[in-house]
Amino acid sequence: IPSIQNFRQSDFTFEGGELAALKRIQEWFDAGGPKHHLKFGHHKAHATEMSKKKNRLRISPWLAAGCISPRTLLEHHRRFAHQNEGTGMAAHWYQESKHRLAKRDYWHFMGLKFGRSLF
């Protein structure tokens, strides 16, 4: 039976705090941000490329711990979209970010409302 270490595919580590979250967001946007995830309106199909640390935001631990708010993250996405308006995909990137954060909040509140009966 393989150990859990055999399944580890990334070198991602979580360091708590708002500054660490902001640093991760800035690193991601400096590396191209959502350009890595979306190409002509579709998710890239290359799983190995998508699993690289630089290509994924991986902000969920900071959101879940309350180190950064969804509003702050959305503001960073809005600014990035505004700076990249000429790409033709800026509005799509921003809308995708809003959708994902709204979906996250929806399931969070449904879990609070219905508890174990949700599953």
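As the structure is a computational prediction, the values presented were derived from the model and not from experiment.
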Discussion item. Rounded at 0.5 Å granularity, tell me how far CE in M110 sits from NE2 in H108.
Written reply: 11.0 Å
Fill in: Inter-residue atom distance E85.CD - W93.CH2, 0.5 Å rounding
11.0 Å
Worksheet item: Looking at residues at least two apart in the chain, or sitting in another chain, which of them share a side-chain contact (heavy atoms from CB on, under 4.5 Å) with A20?
Response: E15, W62
Fill in: Interatomic distance, H92 atom NE2 to H99 atom NE2 [nearest 0.5 angstrom]
10.0 Å
Per-pair distances, 0.1 Å, donor-acceptor, side chain in residues 65-79, under 3.5 Å, sequence neighbours excluded:
from	atom 1	to	atom 2	distance (Å)
S69	OG	T72	N	3.1
S69	OG	T72	OG1	2.9
E75	OE1	R78	NE	3.2
E75	OE2	R78	NE	3.4
E75	OE2	R78	NH2	2.6
H77	ND1	S97	OG	2.7

Fill in: Distance, nearest 0.5 Å, that separates CD1 of I25 from CZ of F80
13.0 Å
Worksheet entry | Steps toward side-chain contact (heavy atoms from CB on, under 4.5 Å) verdict (D30, Q26) | CA-CA 6 Å; D30 288 346; Q26 192 59 48; 2.8 Å; yes
Discussion item. For the NZ atom of K113 and the CZ atom of F109, what is their distance to the nearest 0.5 Å?
Written reply: 12.5 Å
Worksheet item: If you look at every heavy atom in S117 and F114, which pair is closest and at what distance?
Response: OG-O, 2.6 Å
Worksheet item: Would you call I59 and W28 a side-chain contact if the rule is heavy atoms closer than 4.5 Å?
Response: no
